[in-house]
Amino acid sequence: MVRANGAVSLRELARVVQTSEVTVRRDVRALEAEGLLDRRHGGAVLPGGFTRESGFPQKSHLATAEKTAIADLAASFVEEGEAVVVGAGTTTQELARRLARVPGLTVVTNSLLVAQALAHANRVEVVMTGGTLRGSNYALVGSGAEQSLHGLRVTRAFLSGSGLTAERGLSTSNMLSASVDRALVQAAAEVVVLADHTKLGTDTMFQTVPTDVITRLVTDEPPSHDDRAATELQALADQGVHISVAGPGAGAHAGAVPGPEQVPQQQRRRDVPPLPGQRRTHHPHPPGAQPQGGGGAPSGPQLRSAGSLGAEPPTARVADLAPRRR
């Protein structure tokens, strides 16, 4: 299955061979010892190490339920009339499908998959960057993509990647993708990272977003046996990242933009707030700065003031995870 698809989830393996995930995990460990595959949290991929990046078909098979739940929750932060940037990735593609129902939204993206998901949304304006097409993830990269983002100003950026650690932040295996993601970050007042638990604690070659620039992480609940992911979440909270965890069954609302009043109590997020006073605010542009033309940049809409991403809807259920004392 790994040779055919490039990647496979433990859940899917257990379903196909009709056994428990515990048994599958043990067997995958043995196959890794023989050099036949590499383990990843929640699945397995073809061997390759730091420099290898799975293509879209392979990534789309990993943590699909988790990505759906994360996309549902991330969409609830987007308000009518906003302008946002959305990077390339399978999780951001899921987010785009939900953003199609937000009226008056402007989405700037370098991803053909994100643009395709929004193509028939008659109340959403889509702005594509320029650049060279990278076929493995259907993204526009290179100097053309980066130059088209110069002078752009939006409320927030939604990005995914190959790995996320408290030490280095978000990273990816491809240099061109990393460079464009950094340009997307510079265009946004706030940065929201979408990463399922399989990416927590994974480090890849090229840093895209340092930890101190990440405003919020939207993720899923790590399995009880996944100590590394839980430890990484706590470390990210200790460094000031506001963490929103999609609860069980959050993916049941796929295709809709769930507000707090629409989500059943047991499915609502729990948030891990940053340490007070520890976080430095990231302002890619001076407060009140207006977008500037040049470099082929899209002019973009007139923006209203961005609301605080840390503010919680009044009906949301919040559970705080206190940072460890040093």
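E125 places no side-chain N or O within 3.5 Å of a backbone atom of L105 that could act as its donor or acceptor partner. Side-chain atoms of T172 never come within 3.5 Å of backbone atoms of G161 as a donor-acceptor pair (strictly under, hydrogens ignored). At distances below 3.5 Å, not a single donor-acceptor pair connects side-chain atoms of R156 with backbone N or O atoms of A83. In this structure, R168 contributes its side chain and M205 its backbone to a donor-acceptor pair below 3.5 Å. Looking only at distances, no side-chain donor or acceptor of S179 sits under 3.5 Å from a matching main-chain atom of L176.
Across all their heavy atoms, G130 and S148 have their closest contact at N-OG, 3.4 Å. Closest approach of G169 to T211, counting heavy atoms only: N-OG1, 3.1 Å. The two atoms that bring E146 and H150 nearest to each other are O-CD2, 3.4 Å, heavy atoms only. What you find for T91 and K67 is that their closest heavy atoms are OG1-CG, 3.5 Å. Minimum interatomic distance between A139 and A88 (heavy atoms only, all atoms of both residues): CB-CB, 3.7 Å. Pairing each heavy atom of A157 with each of A188, the nearest pair is N-CB, 3.4 Å.
Counting heavy atoms from C-beta outward, F158 and V218 have side chains that stay 4.5 Å or more apart. T106 is not listed as a side-chain neighbour of V84, based on a closest heavy-atom distance of 4.5 Å or more. A heavy-atom distance below 4.5 Å is found between the side chains of V28 and L13. N174 places a side-chain heavy atom less than 4.5 Å from the side chain of R134. Contact of the R98 side chain with the T68 side chain is registered, since non-hydrogen atoms from C-beta on lie closer than 4.5 Å. Counting only heavy atoms from C-beta outward, the side chains of L152 and V85 approach each other to under 4.5 Å. Contact check for R216 versus V241: no side-chain heavy atoms found under the 4.5 Å cut-off. The shortest side-chain heavy-atom distance between V107 and V127 does not fall under the 4.5 Å cut-off.
With values rounded to the nearest 0.5 angstrom, I70 atom CD1 is found 10.5 Å from L95 atom CG. Expressed to the nearest 0.5 Å, how far CZ of R228 lies from CG of L200 amounts to 9.0 Å. The structure places OG of S177 at 5.0 Å from CG of N137, a figure rounded to the nearest 0.5 Å. With values rounded to the nearest 0.5 angstrom, S111 atom OG is found 7.0 Å from Q93 atom CD. Note that OG1 of T92 is 10.5 Å distant from CZ of R97, once rounded to the nearest 0.5 Å. Taken from CD1 in I243 to CG in L217, the straight-line distance is 5.5 Å, to the nearest 0.5 Å.
Evaluation of the side-chain hydrogen bond (donor to acceptor under 3.5 Å, both in side chains) rule for E21 yields no partner, not counting sequence neighbours. By the salt bridge (charged side-chain N to carboxylate O under 4.0 Å, His left out) test, E32 is found to be paired with R39, residues two or more places apart in sequence or in another chain being considered. Listed by chain and number, the residues in a side-chain hydrogen bond (donor to acceptor under 3.5 Å, both in side chains) with T165 amount to none (sequence neighbours excluded). Scored by the salt bridge (charged side-chain N to carboxylate O under 4.0 Å, His left out) test, R11 finds E66 as partners (sequence neighbours excluded). Every side-chain hydrogen bond (donor to acceptor under 3.5 Å, both in side chains) that R25 has, sequence neighbours left out, goes to H225.
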Practice item. Give the intermediate values and the outcome of side chain to side chain contact (heavy atoms under 4.5 Å, CB included) for residues V209 and L164. Key: CA-CA 9 Å; V209 189; L164 177 64; over 6 Å; no
Exercise for review: Take V191 and L184 through the side chain to side chain contact (heavy atoms under 4.5 Å, CB included) test and state the conclusion after the steps.
Suggested key: CA-CA 9 Å; V191 179; L184 292 171; over 6 Å; no
Exercise for review: Apply side chain to side chain contact (heavy atoms under 4.5 Å, CB included) to the pair V192 and L194, showing each step before the final yes or no.
Suggested key: CA-CA 7 Å; V192 184; L194 311 182; 4.1 Å; yes
**Study point:** Working for side chain to side chain contact (heavy atoms under 4.5 Å, CB included), residues V193 and S160
**Key:** CA-CA 6 Å; V193 170; S160 187; over 6 Å; no
Can you give the donor-acceptor pairs under 3.5 Å from side chains of residues 116-124 to other protein atoms, not counting sequence neighbours?
none

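Between K199 and S162, the side chains place no donor N or O within less than 3.5 Å of an acceptor N or O (distance only, hydrogens not considered). For the residue pair E82 / T155, a side-chain donor-acceptor distance below 3.5 Å is found, with atom types taken as modelled.
Linking ILVMFWY residues whenever their side-chain heavy atoms come closer than 4.5 Å, directly or via other members, leaves V17 and V22 in distinct clusters.
With respect to S171, the side chain to side chain donor-acceptor pair (under 3.5 Å) criterion is satisfied by exactly one of T204, T202, D181, T208: T204. Paired with T129 under the rule side-chain contact (heavy atoms from CB on, under 4.5 Å), one option of T109, L140, V141 passes, and it is L140.
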